[in-house]
Amino acid sequence: MQSILSKPLPIPRFLWLLPLLFLQPGLSHAQRRFELADISRLVNVSDPQLSPDGKSILVVVSRPNLATNRHDAEVVLVDVTTARQRTLVADRPTVKQPRWSPTGDRVAFLARIGTGKDAHTQLFVQNLASGDVRQLTTAVANVQLYAWSPDGTALAYSAADAPANAAEISRGNDSFEVGNGSVTLTAPPAPDHLWLVSATNGQPARRLTSGPLSLPDDSSAPFSWAPDGRTLACVLRPSAQTGDQETAVYTLDVATGAVRELPNTPHRVDLPAYSPDGRWLSYQTPREPPYFESLEFDVVPATGGPARHLCRPLDRNLQRAIWSPDGKSLFVGGNDGSTVSIWQQELNGKSQKLKLGAVSPNGSYWVEMAVGRRNAVALTANEPGRPAELYYMASPTASPRRLTDFNHETAALALGRMEAVEWQSDNLHPDGILTYPPDFDPAKKYPLVLMMHGGPSNASRTAFYGLGQAVAAHGYVVFQPNYRGSDNLGYAFQRAIRDDAGTGPGRDVLAGIAALEQRGWVDTSRIALSGASYGGFMTAWLMGESRRWRCAVAAASVVDLLDSYNLSDNNIANAGHYGPSPWLSAENLAHYRAQSPISRATRWRTPTLILHNVGDFRVPISNSYKLYHALKDNHVPVRFVAFPISAHVPSDPVRSAEWNRLWLDWLDQYLK
């Protein structure tokens with residue numbers, strides 16, 4: 001859940017789901033099916049970085065380690081011409097964020113050092129010629145993000161301060177004032193500040209910002225160097241509390257530390273970036289603040305001035321923007337129909353979509369890409385039958401060329417064919433993704449398993465999905481509907497969820513199921529609901545429909561919007577979807593309750609597995625306790641499994657594997 005998814009038939013009035021993409025060949029009997037355990041063998045390839053000379057690409061290659069319950073990562077250098085690989089940083093399992101120096105002779109990276117409470121992520125730099133590695137920082141908290149200065153002599157980085165009352169806390173005097181944050185907090189959140197450290201002389205880091213203003217802790221790039229190296233543009237919010245989301249763009253004088261708010265910019269901004277010539281500044285902002293639908297990138301003069309809504313004609317929720325080297329265009333990306341697209345958006349208003357074919361760039365609320373000399377593009381991406389790999393495009397008009405094959409073993413398995421489909425619901429045309437069993441026969445009947453995405457500002461795509469493939473391999477057709485509120489079909493479709501959290505999206509999903517049933521292969525007596533986060537919201541909402549579902553899996557599910565408003569980390573952001581504060585009027589309160597799945601609790605009769613993390617900051621576990629008791633008290637079969645961690649969903653290998661096993665076992669119990 002984010003801040004925080006043709007010809008008409010005469011009777012009934014549905015649209016046939018169109019087979020837009022058939023992306024897997026027929027099953028060979030010699031091939032083994034994808035299994036749940038294969039998810040733990042997937043290699044993640046991420047964070048591509050093109051070298052300044054355009055000849056090499058850095059990527060982070062990560063492998064699950066069930067024995068140590070961590071993801072072992074290394075930095076790999078890949079030659080663009082030959083695809084030869086060289087492991088650059090090894091034996092540092094937590095390595096991340098490799099970044100070339102401007103001259104290309106050094107690579108910086110982050111890695112965790114120390115043990116127990118003294119372990120922190122620090123900044124390192126490696127000389128490529130000698131291989132020598134130097135630790136640059138000794139921060140008292142984790143270094144979060146960093147960026148090389150344009151001349152390569154220094155790096156700016158972000159990190160939180162140690163508590164000012166650390167001695168008092170150590171003796172038990174650790175009470176704190178609660179602010180506008182998550183119920184899971186056990187201490188006041190510390191502001192993230194900017195620091196400057198030399199890349200060469202070993203001097204201690206110099207503080208650049210202080211006080212209550214904080215970089216947003218959920219941003220992937222909240223600051224950017226001006227080309228002259230004298231100024232940083234940064235996004236700051238009033239405090240470290242996650243609910244205080246009125247961010248603004250500031251310019252920071254590196255020499256003096258003076259901070260100035262950029263005039264005339266909106267107070268819902270992120271990802272500031274200077275153009276290569278320093279004339280312009282781009283930033284991400286929602287089309288209609290304070291709502292979070294339809295993020296776009298504006299361009300303003302670097303000193304402030306009227307904004308140009310450069311990307312609005314694309315009509316997509318854009319998650320990433322990178323300036324071209326000549327400063328004449330932005331490369332922007334986001335969900336687009338059944339895939340992720342990248343556009344080259346010129347400052348003169350013209351745009352072109354890159355021809356990626358079946359290649360879908362990676363990234364969760366992000367787009368994994370880099371732009372280099374002559375507008376070459378590097379991206380980590382996947383295809384329906386191939387997990388993440390590194391791809392390269394010599395120009396925006398070239399076809400993607402795959403440079404790595406880390407997941408060749410998975411690609412050789414018998415995988416379920418994926419198909420993009422669409423249908424009509426009200427006056428909208430939602431779409432979704434089907435994944436078929438490897439030996440699918442349309443003359444037979446199959447259980448249908450809905451796997452609904454979170455967000456709701458997100459979308460399911462024709463991209464490799466491990467759990468979806470494992471479910472399909474058990475003989476089920478997986479249906480991932482992109483209900484209204486999903487961010488892949490434009491502004492009107494995304495904003496259609498406002499003040500209508502369940503009813504409208506629910507109609508979209510039901511219309512999609514009805515259209516699938518027209519195909520003849522759906523076993524209508526064996527349909528299962530499942531989803532995590534907002535997908536869990538949709539699961540609980542649809543459980544209140546009159547039709548009978550065979551079973552449900554509700555993971556990290558929102559069932560009470562009042563809990564989301566009062567207890568979650570993105571509490572105030574929820575008002576953008578569900579309406580103004582429920583505590584401003586009796587009407588507002590009633591509106592929140594009517595939109596909550598818990599309002600349908602007396603209708604719930606579906607056997608349900610509940611999965612939730614105890615310390616879930618995004619969707620407090622109180623939601624699942626309400627779901628559990630509503631089912632239990634009505635004698636509906638229910639199982640509630642909690643994980644004692646502070647995360648929205650598990651990310652470590654062991655808990656992720658158990659989460660997936662419980663999910664699939666529950667489906668098998670009721671669908672086999």
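Quick caveat, the model's predicted, so the values are computed rather than measured.
At least one donor-acceptor pair under 3.5 Å links the side chain of Thr404 to the backbone N or O of Leu390. A donor-acceptor pair is defined here as one N or O able to donate and one able to accept, closer than 3.5 Å; such a pair exists between the side chain of Gln31 and the backbone of Ala412. Not one N or O on the side chain of Ser624 forms a donor-acceptor pair closer than 3.5 Å with the backbone of His612. In this structure a side-chain-to-backbone donor-acceptor pair under 3.5 Å is missing from Ser457 to Gly455. Remark: side-chain polar atoms of Ser533 are not paired, donor with acceptor, to backbone N or O of Gly535 under 3.5 angstrom. Looking only at distances, no side-chain donor or acceptor of Arg417 sits under 3.5 Å from a matching main-chain atom of Thr435. Using a distance-only test at 3.5 Å, with no hydrogens or angles considered, a donor-acceptor pair links the side chain of Arg550 to the main chain of Tyr670. Side-chain atoms of Lys672 come within 3.5 Å of backbone atoms of His474 as a donor-acceptor pair (strictly under, hydrogens ignored).
Residues Leu664 and Val471 have side chains in contact (heavy-atom distance under 4.5 Å, counting atoms from C-beta outward). Between Tyr157 and Leu145 the shortest side-chain heavy-atom distance does not fall below 4.5 Å. Val654 is not listed as a side-chain neighbour of Arg70, based on a closest heavy-atom distance of 4.5 Å or more. At least one side-chain heavy atom of Gln85 sits under 4.5 Å from a side-chain heavy atom of Phe406. Contact annotation: the side chain of Asn613 approaches that of Trp659 to within less than 4.5 Å [non-hydrogen atoms, C-beta and beyond]. Within the 4.5 Å cutoff, side-chain heavy atoms of Ile39 are placed close to those of Phe34. Within the 4.5 Å cutoff, side-chain heavy atoms of Ile513 are placed close to those of Phe479. Side-chain contact between Leu631 and Met543 is present, with heavy atoms from C-beta onward closer than 4.5 Å.
Minimum interatomic distance between Ala540 and Val559 (heavy atoms only, all atoms of both residues): CB-CG1, 3.9 Å. Contact record, Leu415 with Thr410: CD1-O, 3.9 Å, taken as the closest heavy-atom pair. The shortest heavy-atom contact between Leu356 and Val340 is CD1-O, 3.8 Å. Heavy-atom minimum distance, Ser656 versus Ser651: OG-C, 3.5 Å. In terms of heavy-atom proximity, Val477 sits nearest to Leu434 at CG1-CD2, 4.2 Å. Closest approach of Ser557 to Asn623, counting heavy atoms only: O-CB, 3.1 Å.
Taking a 6.0 Å sphere around CZ of Phe640, one finds it holds more than 12 heavy atoms contributed by other residues, nucleotides or ligands. More than 12 heavy atoms of other residues, nucleotides or ligands lie within 6.0 Å of CZ in Arg655, so this atom counts as buried by the packing criterion.
Using a cutoff of 4.0 Å between basic side-chain nitrogens and carboxylate oxygens, Arg661 and Glu658 are scored as salt-bridged. Using a cutoff of 4.0 Å between basic side-chain nitrogens and carboxylate oxygens, Arg86 and Asp79 are not scored as salt-bridged. Ion pairing of Arg519 with Glu419 is present here, as a side-chain N (NZ or NE/NH1/NH2) and a carboxylate O approach within less than 4.0 Å. Under the 4.0 Å criterion applied to side-chain N and carboxylate O atoms, Arg32 and Asp38 are assigned as salt-bridge partners. A salt bridge links Lys626 and Asp563; the closest N-O separation between the charged side-chain nitrogens and carboxylate oxygens is under 4.0 Å. A salt bridge links Arg99 to Asp47: at least one charged side-chain nitrogen sits closer than 4.0 Å to a carboxylate oxygen. Salt-bridge formation is detected for the pair Arg33/Asp439: a Lys NZ or Arg NE/NH1/NH2 atom is positioned less than 4.0 Å from an Asp or Glu carboxylate oxygen.
Atom CZ of Arg618 and atom OG1 of Thr242 lie 8.0 Å apart (nearest 0.5 Å). Once rounded to the nearest 0.5 Å, the distance linking CG of Asn482 with OG of Ser460 reads 5.0 Å. Atom CG in Leu271 sits 11.0 Å away from atom CG in Leu318 (nearest 0.5 Å). Atom OG1 of residue Thr137 and atom CD of residue Gln122 lie 3.5 Å apart, to the nearest 0.5 angstrom. How far OG of Ser525 is from CD1 of Ile527: 8.5 Å, rounded to the nearest 0.5 Å. One finds the CD atom of Gln480 at 9.0 Å from the OG atom of Ser530 (value rounded to the nearest 0.5 Å).
Side-chain N/O atoms of Asp616 and His648 include a donor and acceptor closer than 3.5 Å. Judged by distance alone, the side chains of Asp668 and Tyr476 do bring a donor and an acceptor atom under 3.5 Å apart. Side-chain polar atoms of Glu389 and Thr380 form no donor-acceptor pair below 3.5 angstrom. In the model, Ser341 has a side-chain atom that pairs as donor or acceptor with a side-chain atom of Asp336 under 3.5 Å. A side-chain N or O of Asp431 and one of Asn488 form a donor-acceptor pair less than 3.5 Å apart. For the residue pair Asn335 / Arg316, no side-chain donor-acceptor distance below 3.5 Å is found, with atom types taken as modelled. Side chain to side chain, Asp270 and Ser219 meet the donor-acceptor criterion of an N or O pair below 3.5 Å. With hydrogens and angles left out, the side-chain atoms of Ser182 and Thr184 include a donor and acceptor closer than 3.5 Å. Side-chain polar atoms of Tyr391 and Glu383 form a donor-acceptor pair below 3.5 angstrom.
Here Phe537 and Tyr534 bring their ring centres to under 6.0 angstrom of each other. Annotation: Tyr436 is not in aromatic contact with Tyr446 [ring centroid separation under 6.0 Å not met].
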Can I get a per-line list of side-chain donor-acceptor pairs under 3.5 Å for residues 89-97, giving both atom names and the distance, sequence neighbours left out?
{"from": "Thr94", "atom 1": "OG1", "to": "Arg112", "atom 2": "N", "distance (Å)": "2.8"}
{"from": "Gln97", "atom 1": "NE2", "to": "Gln144", "atom 2": "O", "distance (Å)": "2.9"}

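The side-chain contact (heavy atoms from CB on, under 4.5 Å) test with Gln494 is passed by exactly one of Leu295, Leu489, Asp487: Asp487.
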